[in-house]
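I have placed the structure first, in the form of structure tokens, so that the comments after it can refer back to it.
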Amino acid sequence: MEECISVFDMLKIGVGPSSSHTLGPWRAAERFLEELKDEAILDEITRVKVDLYGSLSLTGKGHATDLAVMLGLSGQDPEYIPVDDIAGIIKKIENSNEINLGNHKVIPFFFLQDIVFNKDFLPFHANGLKFTAYKSDDSTYDSTFYSIGGGFVVKEERTNAKQKEVIKCAFPFPVQNAAELLNYTITENKSISEIVYENEISMRSEAEVHSELMRIWNTMLECMYIGCHSEGILPGGLHVRRRAFDMHQNLIGLSNYSDPQSWLEEIRKTEVKFRQILKWVSCFALAVNEVNASLGRVVTAPTNGSSGVIPAVLMYYMVIENHNAGEKEIKQFLMVAGEIGSIFKKGSTISAAMGGCQAEIGVSSSMAAAALCELMGGTPAQVLMAAEIAMEHHLGLTCDPIGGLVQIPCIERNTMGAIKAINAAELALETDSKNAKVPLDKVINTMWETAKDMNSKYKETSEGGLAIAVNMADC
């Protein structure tokens, strides 16, 4: 059966710093609360314990996994919670040793004891977490979840790694791989974005598809705006100084604007020599990931750690390539990007804990390259070629965050992924697709085989690479 993944599954609004280590555990906590309600035992719960395993444990502190679990158990929604409220909610739990479970019942909660970091890995996935609820009669109810990347959460009994049990896809054009997608564009004489749009409106109204895509873009734009206008030091102990602010000031000078949209219009008036373009793209990517590192609101694209690539490339198109670009181009870009991301998720992984950073920055660069290529007039075959080129030059990229934080080298890697995406799109546009030697599906399979061969210390555990070569004292 085909797996039905919407654009809105791939591009989700949430809170940083990590989709797999923050958003996923947060959603798992919400699902655990739903289970307690479904079992009609929420009122009987006197204590909750959370066990984190594998990568969630090894880099959980740096990725705010413990904070996400507490916020989720408190009944907060990562998509809508005011980010300024997060610190206060966490402080109240820590000071009172109590948690308002599901915003329904206050129970004792000692976060240093009730959130347990276990370094061992569960066999199903590197990102496992187990919730145990204790009832008034001393019996327990427990449930284990796996955060598989991009904010997706599964349970082992519902998903088998080799034989997925999924609901048959209701899309008119179900896509499992790039070859199928290309075939649809040929038989239907449609672009990739048109195929994706037909799938999306089979599930939602046209008005809802439009409004949700624009909400995603406006979140991205606001994130870039906030990042470019925020200075200081990022939290976490590495003392990383924000760079987007200074870079932005040097680029835009004394321009006059008052909100994200007028800011975009002012950028369109700036100088566009090659160096300036490099700086603008890097600035946009840095801005997003500095917001992400500060527990700000971002869009998983396809993950939080790689959330700066797609907005940076789309912003590049709007302020450099096409000053007339508007809602039509924004929606087109996001639909193509989301579809390419879903193909990677089906054929490989978007989790750095499973595949290293090739699964995050590599996939986001492929998504952005494909989307840009279509906006620049590329054929469907060229669009897929752009995605292939971008991933081909990220193969084997490790995930080795210093201090377990999504800061070094993660933030800079988004700038590199964005620049590679633009280059990949240009290469594809200048190439006859008939001469392509490596199909996208082949590179996706190669990425998965590379992921399986990669040593676990390079898969978001902070046990190898830069995470070991550079310690906190050096920073």
Side-chain angles (χ1 to χ4, degrees), residues 5-8 10-11 171 173 175 177-201 209-210 212-214 216-217 220 281 299 301-302 309-345 362-392 417-436 438-441 443-444:
I5 299 178
S6 165
V7 169
F8 304 109
M10 298 305 303
L11 305 174
F171 283 167
F173 304 110
V175 174
N177 53 52
E180 289 182 358
L181 177 59
L182 182 60
N183 187 58
Y184 285 134
T185 65
I186 295 169
T187 58
E188 300 295 323
N189 193 27
K190 293 179 182 291
S191 66
I192 289 176
S193 61
E194 288 171 332
I195 292 293
V196 178
Y197 185 69
E198 292 298 320
N199 283 342
E200 292 299 332
I201 62 173
V209 171
H210 168 82
E212 285 302 295
L213 285 172
M214 292 309 301
I216 287 169
W217 165 244
M220 289 179 170
V281 174
V299 177
V309 175
I310 286 172
V313 175
L314 178 49
M315 189 71 160
Y316 155 80
Y317 178 77
M318 297 188 70
V319 300
I320 304 295
E321 287 296 333
N322 184 1
H323 288 192
N324 295 317
E327 292 184 352
K328 174 181 175 293
E329 289 78 12
I330 290 166
K331 292 187 293 183
Q332 188 178 352
F333 187 100
L334 294 177
M335 285 189 289
V336 174
E339 184 64 28
I340 296 301
S342 76
I343 294 173
F344 271 96
K345 183 180 183 301
V363 173
S364 65
S365 187
S366 290
M367 294 165 68
L372 179 63
C373 187
E374 180 169 304
L375 286 188
M376 301 279 277
T379 66
Q382 288 175 318
V383 169
L384 298 179
M385 183 190 295
E388 184 280 322
I389 293 171
M391 173 50 74
E392 186 176 322
I419 296 299
K420 283 186 180 181
I422 295 169
N423 196 18
E426 292 293 349
L427 285 171
L429 288 167
E430 294 299 323
T431 304
D432 186 338
S433 59
K434 294 186 180 67
N435 297 325
V438 185
L440 178 56
D441 289 326
V443 87
I444 292 174

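In this chain, residues are counted from 1 in sequence order. Please read all numbers here as calculations on a predicted model, not as lab measurements.
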- [ ] Can you measure from OG1 (Thr187) to CG (Asn183) and round to the nearest 0.5 angstrom?
- [x] 5.0 Å
Task: Heavy-atom pair of closest approach, residues Met376 and Leu429 - done: CB-CD1, 3.5 Å
Open item on the list: Do Val336 and Val196 have side chains that approach each other closer than 4.5 Å (heavy atoms only, starting at C-beta)?
Closed with: no
- [ ] For residues Tyr184 and Ile192, determine if any side-chain heavy atom of one lies less than 4.5 Å from a side-chain heavy atom of the other.
- [x] no
- [ ] Write down the atom of Gly338, the atom of Met10, and the distance for their closest heavy-atom approach.
- [x] O-CG, 3.4 Å
Open item on the list: Is there a side-chain contact between Phe344 and Pro302 in this structure, where contact means two heavy atoms from C-beta onward sitting under 4.5 Å apart?
Closed with: no
TODO: Decide yes or no for Ile444 and Met391: does some side-chain heavy atom of the first lie under 4.5 Å from some side-chain heavy atom of the second?
DONE: no
Open item on the list: I'd like to check Leu375 versus Asn322 (side-chain heavy atoms, cut-off strictly below 4.5 Å). Are they in contact?
Closed with: no
- [ ] Give a yes or no on this: more than 12 heavy atoms of other residues, nucleotides or ligands lie within 6.0 Å of atom CG of Asn189.
- [x] no
Open item on the list: Testing Val313, Val309, Leu11 one by one against Met367 for a side chain to side chain contact (heavy atoms under 4.5 Å, CB included), which residue passes?
Closed with: Leu11
Open item on the list: Testing the basics here: between Gly378 and Val383, what is the closest heavy-atom pair and its distance to 0.1 Å?
Closed with: O-CG2, 4.0 Å
Open item on the list: If only side-chain N and O atoms count, and only distance matters, is there a donor-acceptor pair under 3.5 Å linking Glu200 with Ser6?
Closed with: yes
Task: Closest non-hydrogen atom pair between Glu194 and Lys190, with its separation - done: OE1-CA, 3.2 Å
- [ ] Could you tell me which non-hydrogen atom of Ala178 sits nearest to which non-hydrogen atom of Leu384, and how far apart they are?
- [x] O-CD1, 3.7 Å
TODO: Give, for atom CG of Leu334 and atom CD of Glu329, the distance between the pair rounded to the nearest 0.5 Å.
DONE: 11.5 Å
- [ ] Compare all side-chain heavy atoms of Phe173 with those of Leu181 and state whether any distance is below 4.5 angstrom.
- [x] no
Open item on the list: Among residues at least two apart in sequence or on other chains, which ones pass ring-ring contact (aromatic ring centres under 6.0 Å, His included) with Tyr197?
Closed with: none
TODO: Rounded to the nearest 0.5 Å, what's the gap from CD on Gln382 to CG on Asp432? Could you check?
DONE: 7.5 Å
Open item on the list: Within this structure, what is the CG-CD1 distance for the pair Leu440 and Ile389, rounded to the nearest 0.5 Å?
Closed with: 10.5 Å
- [ ] Give, for atom NZ of Lys328 and atom NE2 of His210, the distance between the pair rounded to the nearest 0.5 Å.
- [x] 13.5 Å
TODO: Report yes if the side chains of Ile330 and Met318 come closer than 4.5 Å at any heavy-atom pair, otherwise no.
DONE: yes
Task: Min side-chain heavy-atom separation Ile422-Glu321 under 4.5 Å - done: no
